[in-house]
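Here, residue 1 is the first one in the sequence, and each next residue gets the next number. On a predicted model such as this, the values are computed, not experimentally measured, just so you know.
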Amino acid sequence: MLRTPTLRTKVTVVVAAAAALAISLAAFLSYRGVSDLVADELERGLDDRTHTVATLLDAGLTPPTRPDTIEQVVSERGEVRPLAPGRDTLPVRPDALRVARTGKGESRADVVVSGTEYGTLTRPLPGGGAVMVGQSYGGAARVDDRSLWRIAWTTAAAVAFAALLGWLALGRILRPVRRLVAATRRITTTQDLTTPLPPAGSDEIGQLTHSFGHMLAALRRSRAQQQRLVQDAGHELRTPLTSVRGSAELLQRARGRLAPEDEEQILTTLVTETAALDDLVRELVELATDRRTEEEPEAVHLAAAAEDGARRCRLRTGRVVLVVEDDTNPPVPVRARPRALQRCVDNLLSNAVKFSPEGTPVVVRVGGGGLAVRDQGPGIAPGERHAVFDRFYRGPRTQATPGSGLGLAIVHDIIAADAGTVFATTADGGGAEVGFDLPLHGQDGPDRPAARKRYPRTP
């Protein structure tokens, strides 16, 4: 079965290919440089030998023979006289014969004699005719071949060395990745989110490890919240279910023997507890799924949202709800999810109506990027100002008040998801003031200084 190449193998192949390309290019350029240098040296050597032979012949001397050269004299009629008896003669081409006849110019050509390639140079002699010298390319070819082989072997060795270095370096670089992969596999297999990740450095792999760590921390928090939500939900559901079950069992045992007023009281309890169960289950589902996250944030006018929420509250409860805008800091568009923001306003108003005595108004104040709802209830103790946003929290003074204890928790989660902040405090003159600040449209964070100006709170 064929195995899929690992990242280390793939990168090593790429490194080796790149090294081979770079080294081959450098070797080719070096080879060309050496070949050109050898060719230039041959040309200069042929020029020097031809000049030396012509000078010696003009002085009546015979030049010494060389094993790699053939020298001969060409007459004006094309007759050839070798300068070294017994040596091969060079073929005389028309260009060389023209130099011998005219005594002008020179002729260069490559010829093959007895299987050996020669470079020839023909120059005129002062007394007539021409001297013709052939320089063998055999030595130059051997130098060229040796250079080519050396460059080829050097290139191969360099590529192999680069591949080895790449393999070793990649092994060291990818070691943290392998450790991270092993840790994530353990987490996937065991579902243990507390599995430690390998130590993270300051490079890109370290940043990846840090990102995985933050992701695991978020997953741990999410799992803990889910477990806590299930535990709290089970605890909160047990009380109304027990009441419903007890009332139903009492009706079953009595089978019509109860007095009408007792039967009416039991049925009222069943209806009340069933309605409470319905509200609790609905808010639990909404809190757990948070379907509002499907919305995209956009510019929302808080004043319009407050007016819409107040109108719905009036129709639903018949209570007096007033909306007041801050003249010194008029409300401006905020960045939020419209339907989620409506849910927040409705929850704040329902919470205020719950704790406000009959006949007292509920006041909604809006200004800048914030909204606050004030009731006429007992207020909030300093130690409870953060706890009121916890799920199922009931303060000592509100234990007897009906409700699921999830309304303000939903407000907190929605506002936090939109990068806002929530607050709860006791208002001047009594009652509680609960609200939120949201980022202004086009900004990344809430306008907190303006929020403190709009809503002075007791620390």
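- Side-chain contact between Leu348 and Leu371 is present, with at least one heavy-atom pair separated by less than 4.5 Å.
- Salt bridge Arg335/Asp418: absent, no basic N to carboxylate O contact under 4.0 Å.
- Summarising the local packing, CZ of Arg77 is surrounded by 12 or fewer heavy atoms from other residues, nucleotides or ligands at distances under 6.0 Å.
- Distance check: His412 NE2 to Ile414 CD1 gives 11.5 Å after rounding to the nearest 0.5 Å.
- Contact of the Lys104 side chain with the Arg98 side chain is not registered, since no non-hydrogen atoms from C-beta on lie closer than 4.5 Å.
- Counting heavy atoms from C-beta outward, Val92 and Val80 have side chains that approach closer than 4.5 Å.
- Put simply, the side chain of Leu197 reaches to within 4.5 Å of the side chain of Leu180, judged on heavy atoms.
- Within the structure, every pair that satisfies the salt bridge (Lys or Arg N to Asp or Glu O under 4.0 Å) test and touches residues 118-136, not counting sequence neighbours, is listed here: Asp47-Arg123, Glu106-Arg123.
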Are Arg343 and Asp346 close enough, and set up right, to give a salt bridge (Lys or Arg N to Asp or Glu O under 4.0 Å), and what steps lead you there?
CA-CA 5 Å; Arg343 178 64 172 164; Asp346 290 344; 5.8 Å; no

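- No more than 12 heavy-atom neighbours from other residues, nucleotides or ligands sit within 6.0 angstrom of CZ on Arg185.
- Taking the side chain as every heavy atom from C-beta outward, Asp88 and Ile70 approach each other to under 4.5 Å.
- Looking at Arg87 and Glu71, no side-chain N of the basic residue comes within less than 4.0 Å of a carboxylate O on the acidic one, giving no salt bridge.
- Note that the CG atom of Leu46 and the OG1 atom of Thr120 stand 7.5 Å from one another [nearest 0.5 Å].
- Residues Val366 and Pro330 are not in side-chain contact: their nearest non-hydrogen atoms beyond the backbone lie 4.5 Å or more apart.
- Taken from CD1 in Ile410 to CZ in Phe389, the straight-line distance is 13.0 Å, to the nearest 0.5 Å.
- Using modelled atom types and a 3.5 Å distance limit, the side chains of Gln135 and Asp68 yield a donor-acceptor pair.
- Annotation: side chain of Ile380 is in contact with side chain of Val434 (closest heavy-atom distance under 4.5 Å).
- Applying side chain to side chain contact (heavy atoms under 4.5 Å, CB included) to Asp192 and the options Thr188, Thr190, Thr189 leaves one that passes, Thr190.
- A salt bridge links Glu43 with Arg108; the closest basic N to acidic carboxylate O contact falls under 4.0 Å.
- For the pair Val362/Leu349, a side-chain contact is recorded, criterion being any heavy-atom separation below 4.5 Å from C-beta on.
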